[in-house]
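Heads up, the thing below is written out as structure tokens.
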Protein chains: 2
Amino acid sequence: MSKSNNVYKDAYNRGLRLLDETQSLPSEPELGTLLGVSRTTVRTILARMEETGLIAWNKRNKTVLRAPKPDDFFPEEETDTLAQIIERSFMRRLLAGGAEAGMQINELELAREIGVGTTSVREFLIRFSRFGLIEKRRNSHWVLKGFTRAFALELTEIREMFELRSAAAFAALPGDSPVWADLDRLEAEHHLLKTEIATRFNEFSELDERFHRLIHRASHNRFIVDFYDVIAMIFHYHYQWNKAQERERNEVAVGEHLAYIAALKSRDLGKVDAACRKHLKSARHTLLTSIPEIGGRIVS
Amino acid sequence: MSKSNNVYKDAYNRGLRLLDETQSLPSEPELGTLLGVSRTTVRTILARMEETGLIAWNKRNKTVLRAPKPDDFFPEEETDTLAQIIERSFMRRLLAGGAEAGMQINELELAREIGVGTTSVREFLIRFSRFGLIEKRRNSHWVLKGFTRAFALELTEIREMFELRSAAAFAALPGDSPVWADLDRLEAEHHLLKTEIATRFNEFSELDERFHRLIHRASHNRFIVDFYDVIAMIFHYHYQWNKAQERERNEVAVGEHLAYIAALKSRDLGKVDAACRKHLKSARHTLLTSIPEIGGRIVS
DNA sequence: ATAATGTCTTTTATCGTGAAAAAACATTTG
DNA sequence: CAAATGTTTTTTCACGATAAAAGACATTAT
């Protein structure tokens, strides 16, 4: 089986969408940068487009013959990378319950269950280990540390430290920095989302990530920027399993973001600090209440 | 070739040292915990010890027949893990110069040069990536970000944030916490090293790591504790290539540590903060001066 | 009956292999 | 001759296979 051609399939699907917009496709290198793949993959895509009668391809001439039908697209699930597939399976197991702290993780079993090779699982676990949820025993199994209250507290402690510092750095940026335009755009998106919150509340999580990443980037510190991956990953799955009062929570968060943005624009460090603290506090609270901690249980 | 038996060889060497101390070895499970390996490996070790006439082995009876000779030990280099071998090779290349930022890293080439499989190199690079010195291009090569001044500054920024917080947490620990005894022991070691600094200055780096890890552990935050791996790794190699004024630097650092320890013991947060800041400042300075930055060069 | 030894099974660590994808080189075209 | 296309080589990604090491089960000894 070796290797799936998901890169090709995904790029092909995105390539199909280009056909609606023009009558003739650009050059191969141009398509490559557009789709984020190599020329080799571009040519494979073009070859299939020609085969299925979507385009007529003759050297520099790539004429669009017809609009793509739903049938032309590869199925979504075939466009995922192995890493995504493994991550999803792993997180499903982890959140499905029965994933107590201290539990052993078996590479072989995981690989068999997901239907992939052990190498891919191993590499996934190594990458995943930086999130602080699992730990390796040398020459032996991995140990699950569990998504516990302690984990959430440790995570938010760092997050608060990093974001307060980044926010201060952001406010201190010169007025001609391009980040201010980015911030304006995000502010507008927040305002728009606020008015349509009743129907679009589930779009907040994506906006949230872009907003916080913009702020973290102002730190100009790779460790701070990289750490946001941990936060993003946790919040991503957190949003998936905790749907309680999602609309209300997101509405509150949008308001906090707007106050936070206003504070940044005022460039008043005191205001920035206060607005940032307030938002982080409620973010922490949301995360903590969603943790299914067994409180007060007597362990014999 | 598959897999080297370095676990066995290393444990065997450590096992040989036990023979000097007793006339008969303990039970297999006991030996296992003592050497940190499974019973399977213990039995392989015992089998060889019997073969080479070091012990007489009959079930529960493991009588020492003779003291081990230098010849009995496996060569040091055969006891290294593959990961260690790859790390050393990689760092040697990186520090040997010609490792400009932006340079591509080729898994296959690295693997061939070191004489190992690509899988091991891949896994190493994934693990190594958390140090912030390399970055992966999806479906493509790794990019070296370089051990630059910017890297050192970003690293020390986080270090200072984390250590100041850990030191404060340390000072706030209750008097009956076992860390105070650990601190006392480290203090004594520092005093001893100070008096013998002329000959033992190169032993400082190991003491340094133990001291700072003790402090970081007081944060009770896995992200802070784990981050010390990055610092330790950098300082480990830094010590290897920058031997200029090593004795003087270490002497100064020992003095700073002692002041830092005294401040912690005073439990006066102001003093702790000042002593910690002072030490971190000189640590940063040492690191920065050792970076071979090409300053003011005009890049055409 | 507990703890050790003896034996068998499973898992981890590592390699070689081959298809997918990228990259390099050669050739053509505007 | 610069940029595109055509062709070939190299590298990455992922798998199955195998020895080392861990772990589980069965048996024996105190």
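Letters A, B, ... mirror the listed sequences (proteins, then strands); counts begin at 1.
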Using Watson-Crick and G-U wobble pairs whose two distances are both under 3.5 Å, how do you write the pairing of DNA chain D as dot-bracket, with | for links to another strand?
-> ||||||||||||||||||||||||||||||
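- Salt-bridge annotation for B/E50 and B/R48: absent, with no side-chain N of the basic residue lying under 4.0 Å from a carboxylate O of the acidic one.
- In this structure, B/Q104 and A/V7 both approach DNA chain C, and ranking their closest nucleotides by distance from the 5' end singles out A/V7.
- Evaluation of the ring-ring contact (aromatic ring centres under 6.0 Å, His included) rule for B/H212 yields B/H257, B/H279 as partners, not counting sequence neighbours.
- Regarding B/W142, its CH2 atom lies at a distance of 12 Å from the C1' atom of D/dT12, rounded to whole Å.
- The CG-P distance, from B/N6 to D/dA22, rounds to 10 Å in whole Å.
- Under the 3.5 Å distance criterion, with hydrogens and angles disregarded, no donor-acceptor pair is assigned to the side chains of B/W142 and B/Q104.
- In this structure, B/R112 reaches the sugar-phosphate backbone alone: every heavy-atom distance under 4.0 Å involves primed, P, OP1 or OP2 atoms, never a base.
- Using a 4.0 Å cut-off on heavy atoms, the residues of residues 34-48 of chain A that approach DNA chain D are A/R39, A/R43, listed by number.
- Between the P atom of C/dT14 and the OH atom of B/Y8 lies a distance of 18 Å, rounded to the nearest Å.
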Evaluate the criterion salt bridge (Lys or Arg N to Asp or Glu O under 4.0 Å) for residue pair A/K9 and A/E76; output intermediate values, then yes/no.
-> CA-CA 9 Å; A/K9 285 177 177 171; A/E76 277 285 335; over 6 Å; no
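- Between B/D182 and B/R210 there is no salt bridge, since no side-chain N of the basic residue sits under 4.0 Å from a carboxylate O of the acidic one.
- Other residues, nucleotides and ligands place no more than 12 heavy atoms under 6.0 Å from the CD atom of A/Q23.
- By the side chain to side chain donor-acceptor pair (under 3.5 Å) test, B/E123 pairs with A/R122, sequence neighbours left out.
- Within the structure, every side-chain polar atom (N or O) of A/K9 is placed at least 4.0 Å from both OP1 and OP2 of C/dA21.
- Residues passing the ring-ring contact (aromatic ring centres under 6.0 Å, His included) test with A/F73, sequence neighbours excluded: none.
- Rounded to the nearest 0.5 angstrom, B/S129 OG and A/R127 CZ are separated by 9.0 Å.
- A straight line from CD of B/E107 to P of D/dA14 spans 11 Å, rounded to a whole angstrom.
- B/T119 comes within 4.0 angstrom of a nucleotide base, judged by non-hydrogen atoms across all strands.
- Between A/R137 and B/R138, the residue whose closest nucleotide on DNA chain C is further toward the 5' end is A/R137.
- Within a heavy-atom distance below 4.0 Å of DNA chain D, the residues of residues 54-66 of chain B found are B/K59, B/R60.
- Under the 6.0 Å distance and 45° angle rule, A/R222 does not count as a cation-pi partner of B/F151.
- Residue pairs meeting the salt bridge (Lys or Arg N to Asp or Glu O under 4.0 Å) criterion with at least one partner in residues 18-28 of chain A, sequence neighbours excluded, are A/E28-A/R39, A/E28-A/R43.
- Between A/F162 and A/F223, the gap from one ring centroid to the other reaches at least 6.0 Å.
- Looking at heavy-atom distances under 4.0 Å, B/I105 makes contact with sugar-phosphate atoms alone, never a base.
- For the segment residues 10-19 of chain A, the set of residues with a heavy atom within less than 4.0 Å of an atom of DNA chain D is empty.
- In this structure, A/K136 reaches the C/dA13 phosphate: one of its side-chain N or O atoms is under 4.0 Å from OP1 or OP2.
- Atoms CG (B/L108) and P (C/dT17) sit 13 Å apart, rounded to a whole Å.
- Comparing C/dA22, C/dG18, D/dC15 by their closest approach to the side chain of A/L82 singles out D/dC15.
- We find that CG of B/N5 is positioned 14 Å from P of C/dC15, with the value rounded to whole Å.
- Minimum atom distance to the side chain of B/H141 is reached by C/dA23, of the listed C/dT14, C/dA23, C/dA21.
- Computed from coordinates, the A/D80 CG to D/dA14 P distance equals 12 Å when rounded to whole Å.
- The side chain to side chain donor-acceptor pair (under 3.5 Å) check on B/Y237 picks up B/E87, with sequence neighbours excluded.
- At a non-hydrogen distance threshold of 4.0 Å, nothing from residues 22-32 of chain A comes into contact with DNA chain C.
- Applying the salt bridge (Lys or Arg N to Asp or Glu O under 4.0 Å) rule to pairs touching residues 55-68 of chain A yields A/R66-A/D72, sequence neighbours excluded.
- The shortest distance between the side-chain N/O atoms of B/S140 and the OP1/OP2 oxygens of C/dA23 is below 4.0 Å.
- Under the rule for a side chain to side chain donor-acceptor pair (under 3.5 Å), A/W57 has no partner lying at least two apart in sequence or in another chain.
- Between the C1' atom of D/dA22 and the CG atom of A/N106 lies a distance of 12 Å, rounded to the nearest Å.
- A salt bridge links A/R213 to A/D229: one of the charged nitrogens lies within less than 4.0 Å of a carboxylate oxygen.
- A salt bridge links B/D80 and B/R88; the closest N-O separation between the charged side-chain nitrogens and carboxylate oxygens is under 4.0 Å.
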